[in-house]
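Data first, discussion second: the structure below is written as structure tokens.
Worth knowing before you read on, the calculation uses all heavy atoms, side chains too, and leaves out hydrogens, waters and symmetry mates.
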Amino acid sequence: MTDQLAPPASTLIPPAATGPLVGQSGRVHTARFKWGVLGIGIAAQAAFSAAFQGIPTAGSQLQGAYRLTPGQLGLVLAAVTCGAFATDVLWGLLADRIGERRVLITGLGGTTLALAAAAAFLTPGGGAVPSHLALAVVLFLAGGLGGSVNGASGRAVMGWFPPQQRGFAISLRVAAVPAGGALGAAVLPPLATAGGFRWVFGFLAGCSLLATLAVVLWLDEPPLARPGGRAAGPNPLKRWDIWRLAGTAFLLDLPQFTVLTFGSVFLHTVEHLSLGTIAVLLVTVQVLSAVSRVWGGRWTDRRGGRHRRTLVTVYSWTIAAGFTATALLRSGPPWAAAALLVLSGTLACGWHGVHYAEIATMAGPERSGAALGLENTMVFAGAFVTPLLIPALLSATSWPAVLLLVGALPAALSALVMPREPHTA
């Protein structure tokens, strides 16, 4: 992936869409190198997503193998997400300070060790059942270390791609989240059934190891401020407009995880759809949302990066309308409620590409690690809060109230809080 050595550049400029690219190592790369960097980012993100989205899909096997109560199962399943939530901003700041190569090697390497430790020492066998607290601690560490991929891999993409391609590139990387989740959902439950959780954690450790090796072998620092130097621009964590934009990510995550965590419960218990039909509908949501993420990045790139906030605002109002219609559809046919939930779920899961690209662009490539870390902290906060909020509301109210309060209302608030598009000459 590298061709020759070049003298250090005294002035660092954004990479061009075509022509040679010079990394901070001093090596000159062909124009295709940036797509290799994107591939590494996708692989790293998918490897982590297979863990934090895939492990819950084997929840029933996990509960049986470790003899967990519902509360203990919830603690174990929340551990990876909590770890990422706790460390995302720190990893983003470190990526801006010391570079994404070091951050990714440290984080992914640590995740590999944590998952390998779970496979070696914390799986049931010989009649012995490991402590659920020990398992939760190790999975928390895996999540905290794996959270490095969220900001650092995005910063690498921002550094290597020119402005007119960043929205599309970031959208492709973000699409790796549902792709990795789909991989975990397809592989982990059968592995748990066939070989137990030693195979589950071993598989996840292997995925993380492969991503680590890819970083070690091929990732070069992008042509931004050198690690250890002073990055250009103000600290994004001190900018109110970036906090406002990140706050909308938290709000939009509530309807997203309403569909992903309790959508099947609603469709089965209220609309009386079969489990097979529900599975097809939720897979449809994931596939269409991945398409939406990539399409949104491509569409806004073709317009010079404009209209990203407008597109997310349109998504927000449509999500709010869809959840409101679903809540008010009391006596309609089940297919109508299913269609509305698929539409709302697709948009609720499909805004991430342009949203991530916008917050990274606002911060600037050299400061994008911190901004993306903040963004992911808000995303993981929403993912953590939603499955705790819905049961509490259901015990006190009803499904229409849940759909309005956790689905429609946050989406409408997101549209209202979203900063306006910057004025262009």
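S49 pairs with exactly one of L183, V149, V177 by the side-chain contact (heavy atoms from CB on, under 4.5 Å) rule, that one being V177. Screening F257, F250, F52 for a ring pair (Phe, Tyr, Trp, His ring centres under 6.0 Å) involving F380 leaves a single residue, F52.
Judged purely by atom type and a 3.5 angstrom limit, W243 uses its side chain to pair as donor or acceptor with the backbone of L237. With hydrogens and angles ignored, the 3.5 Å screen pairs a side-chain donor or acceptor of R244 with a backbone N or O of V417. Looking at S171, its side chain does come within 3.5 Å of a backbone N or O of R293 through a donor-acceptor pair. Distance alone, capped at 3.5 Å, is enough to place a donor-acceptor pair between the T87 side chain and the G144 backbone. Although no hydrogens or angles enter the test, the distance criterion places a donor-acceptor pair under 3.5 Å between the side chain of T69 and the main chain of Q72. Put simply, the side chain of S289 gets close to the backbone of Q286: a donor and an acceptor are under 3.5 Å apart. The backbone N or O of L288 lies less than 3.5 Å from no partner atom in the side chain of S292, so there is not a single donor-acceptor pair. Between the T284 side chain and the V280 main chain, a donor and an acceptor come within less than 3.5 Å of each other. T386 contributes no side-chain N or O that, together with a main-chain N or O of A383, makes up a donor-acceptor pair within less than 3.5 Å. Of the possible donor and acceptor atoms, none in the side chain of R173 sits under 3.5 Å from a partner among the backbone N and O of I42.
Between F323 and V406 the shortest side-chain heavy-atom distance does not fall below 4.5 Å. Taking the side chain as every heavy atom from C-beta outward, P130 and F121 never approach each other to under 4.5 Å. Between H352 and D253, the closest side-chain pair of non-hydrogen atoms falls below 4.5 Å. F266 has its side chain out of reach of L394: every pair of non-hydrogen atoms, C-beta onward, lies at least 4.5 Å apart. Residues L38 and F161 meet the side-chain proximity criterion, which asks for heavy atoms closer than 4.5 Å. L374 places none of its side-chain heavy atoms less than 4.5 Å from the side chain of P236. A 4.5 Å side-chain heavy-atom check between L62 and L77 finds at least one atom pair inside the cut-off. Within the 4.5 Å cutoff, side-chain heavy atoms of F168 are placed close to those of V294.
Looking at residues two or more places apart in sequence or on another chain, you find a side-chain hydrogen bond (donor to acceptor under 3.5 Å, both in side chains) between T248 and H355.
Shortest non-hydrogen contact noted between S148 and L145 is OG-O, 2.9 Å. For the pair E221 and I98, the tightest heavy-atom approach, listed with the atom from each and the gap, is OE2-O, 4.3 Å. Listed here is the closest heavy atom pair of I55 and L188: N-CD1, 3.6 Å. Smallest separation of non-hydrogen atoms from W199 and A194: CZ3-CB, 4.4 Å. Taking both residues in full, the closest heavy atoms of P419 and D241 are given as CG-O, 3.8 Å, listed atom of the first, atom of the second, then distance. The heavy-atom pair separating F85 from A381 by the smallest distance is CE1-CB, 3.5 Å.
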Inset, instruction - Report the C-alpha distance between V312 and L252 in whole Å, list the side-chain angles of each, state the deciding distance to 0.1 Å, and finish with yes or no for side-chain contact (heavy atoms from CB on, under 4.5 Å). - result: CA-CA 10 Å; V312 176; L252 286 171; 3.8 Å; yes

Legend entry - Audit row: L281, L273, side-chain contact (heavy atoms from CB on, under 4.5 Å) steps and yes/no: CA-CA 10 Å; L281 292 174; L273 296 180; 4.0 Å; yes

Inset, instruction - I would like to know whether W160 and D220 meet side-chain contact (heavy atoms from CB on, under 4.5 Å); could you show each step before the answer? - result: CA-CA 10 Å; W160 280 112; D220 193 2; 4.0 Å; yes

Legend entry - F203 and L115: CA distance, side-chain angles, deciding distance, side-chain contact (heavy atoms from CB on, under 4.5 Å) verdict: CA-CA 9 Å; F203 172 80; L115 293 169; over 6 Å; no

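Annotation: the span from Q61 atom CD to Q63 atom CD amounts to 11.0 Å, rounded to 0.5 Å. Put simply, CZ on R101 and OG1 on T106 are 11.0 Å apart, with the number rounded to the nearest 0.5 Å. The CD atom of E100 lies 11.0 Å from the CD1 atom of I105; values are rounded to the nearest 0.5 Å. Put simply, CG on L245 and CE on M362 are 5.5 Å apart, with the number rounded to the nearest 0.5 Å. Between the CG atom in L94 and the CG atom in L104 there is a gap of 11.5 Å [rounded to 0.5 Å]. Separation of atoms CZ (R420) and OG1 (T313) is listed at 11.0 Å; rounding is to 0.5 Å.
Using a 30° and 60° split on the angle between ring planes, F197 and Y66 fall in the perpendicular class, above 60°.
Between R308 and D301, at least one side-chain nitrogen of the basic residue sits less than 4.0 Å from a carboxylate oxygen of the acidic one, meeting the salt-bridge criterion.
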